[in-house]
Amino acid sequence: MSMHLVRYVSPVDGRPVPGVRTGDTVAPLQGVNSFAELLRLPLEELQAEVEKVGEALPAEGLTFLPPLDGRGEVWCAGVTYERSRGARMEESTEQSVYDKIYTAERPELFQKAPAWRVVVDGEPVGIRSDSGHDVPEPELAVVANSHGEIVGFTVCNDMSSRSIEGVNPLYVPQAKLFAGGCALASGIRPVWEVPNPKALAIDLVIERAGAEAFRGTTSTEKLVRELPDLIDVLFLPNEFPDGVILATGTGIVPELDFALAEGDVITITIDEVGTLTNTVATGREPFAFLATDNLEGKR
């Protein structure tokens, strides 16, 4: 039975609790109060802590939180699949930029969101009100501890504005960083439970008004970069004292005639890792709860 590291709201006092989900039950970690504490540990110590759990309770009815807290950050790698290179070139006025980065020694890396801006499975994802052409980007996300060791994997939706990025590559921060633009599955699959992360099927389904509007499939075997190499480049100039999650790029991009609409339901499934489902909302207002809940210690 698969195991996931999760954060959930305590049904007793409402505080965020780190735990281990196995099937239909969740058990709290003993002696660890946050994911930040967990991701400060070397991999061997982290694995030992995960084995120290309290009494399990039913997962049904619990509210799950993003698998990142404290000073944790989400970063992304870009143009790591051939399909991504092709899609970026189709939409862009500066096509050569994307063609060159695909084969360059240095990968494209950019910050996506601090922990407090991340939405989780079941919460809305955002599209910009000034964009007009937005798509989800389903990605395998690598979880690294503060020592730069890969400790697990999760599912990321790196929401993107194609219309804004297509005008000029220098607009990438605006095309990628906005309210509701980063979603993570609620669980982290420990690295020791995923034998080959470069052989995982990724599926994307978008439903509109109850009908399938788009479906796409790829595999991490098509990822042109090696996962440890991406983490090494990310950590070379940076400290991540509470860990970091790096989304590794997408191999599924809808054709240019498809754009997300408010109310669309996006489901991303990665074999052996998990599933992420979110409904599209427009603008910043639907995500005001992120600032409020984090300020009040609810996330």
Side-chain angles (χ1 to χ4, degrees), residues 4 63-68 74 76-78 80-81 83-84 87-88 91 112-113 117-141 153-166 175-189 200-220 245-287 289-290:
H4 289 84
T63 298
F64 289 93
L65 302 170
L68 194 66
V74 180
C76 291
T80 56
Y81 288 79
R83 172 57 187 146
S84 180
R88 297 289 89 85
E91 75 192 20
K112 181 68 176 180
R117 289 188 182 273
V118 176
V119 297
V120 73
D121 180 71
E123 294 181 336
V125 288
I127 56 178
R128 292 184 61 127
S129 59
D130 61 347
S131 171
H133 193 176
D134 306 86
V135 293
E137 295 193 1
E139 307 186 16
L140 175 69
F153 305 95
T154 191
V155 184
C156 180
N157 182 354
D158 168 23
M159 295 286 285
S160 182
S161 169
R162 298 192 74 177
S163 55
I164 292 176
E165 183 176 359
K176 293 288 190 178
L177 283 69
F178 49 86
C182 180
L184 296 175
S186 60
I188 292 173
R189 282 282 278 156
L200 305 176
I202 302 176
D203 295 301
L204 168 67
V205 176
I206 303 172
E207 295 177 288
R208 179 171 297 166
E212 185 176 293
F214 177 84
R215 178 182 291 269
T217 302
T218 190
S219 170
T220 56
I245 293 179
L246 175 65
T248 56
T250 188
I252 306 173
V253 183
E255 298 300 326
L256 279 172
D257 60 357
F258 179 88
L260 286 170
E262 185 161 6
D264 285 355
V265 179
I266 304 165
T267 300
I268 301 167
T269 303
I270 301 181
D271 283 357
E272 300 184 48
V273 177
T275 298
L276 172 62
T277 300
N278 308 94
T279 301
V280 175
T282 305
R284 57 185 281 192
E285 291 79 8
F287 304 96
F289 73 93
L290 294 173

Side-chain heavy-atom pair E272, F153 within 4.5 angstrom cut-off: no

Validation row: I266, M159 side chains within 4.5 angstrom (heavy atoms): yes

Minimum-distance pair of heavy atoms, taken over all atoms of V125 and F287: C-CZ, 3.4 Å

Interatomic distance, L200 atom CG to T220 atom OG1 [nearest 0.5 angstrom]: 4.0 Å

Approximate separation, where rounding is to 0.5 Å, of L68 CG and I245 CD1: 4.5 Å

Test item: R117 and L177 side chains (from C-beta on) under 4.5 Å apart, heavy atoms: no

L260 side chain near F214 side chain, heavy-atom distance below 4.5 Å: no

Electrostatic pair R128:D134 at N-O distance under 4.0 angstrom: no

Backbone N/O of T248 and side chain of T80: donor-acceptor pair under 3.5 Å: yes

Beyond-backbone contact of C76 with K176, side-chain heavy atoms, under 4.5 angstrom: no

Heavy-atom pair with the smallest gap, counting every atom of H133 and L256: CE1-O, 3.1 Å

Minimum heavy-atom distance between R208 and A259, given as atom pair plus value: NH2-O, 2.8 Å

Side-chain donor or acceptor of N278 paired with backbone N/O of P124 under 3.5 Å: no

Inter-residue atom distance C182.SG - K112.NZ, 0.5 Å rounding: 6.0 Å

Interatomic spacing from OG1 in T267 to CG in D203 - rounded to 0.5 Å: 10.5 Å

Over 12 non-hydrogen atoms of neighbours within 6.0 angstrom of CZ in R284: no

H4 side chain vs V273 backbone, donor-acceptor pair below 3.5 Å: yes

Side-chain touch P136/I206, heavy atoms, less than 4.5 angstrom: yes

4.5 Å side-chain heavy-atom contact, V155 and T275: no

Flag for S131-S163: side-chain donor and acceptor within less than 3.5 Å: yes

Considering all heavy atoms, the nearest I252-G216 contact: CD1-O, 3.5 Å

Shortest non-hydrogen contact from A113 toward V118: CB-CG2, 4.2 Å

Value rounded to 0.5 Å, distance of CG in N157 from CD in E139: 8.0 Å

Minimum heavy-atom distance L276-C156, with the two atoms named: CD2-C, 4.1 Å

Interatomic spacing from CD1 in I202 to OG in S219 - rounded to 0.5 Å: 7.0 Å

Heavy-atom check, side chain of P138 versus side chain of T250, under 4.5 Å: yes

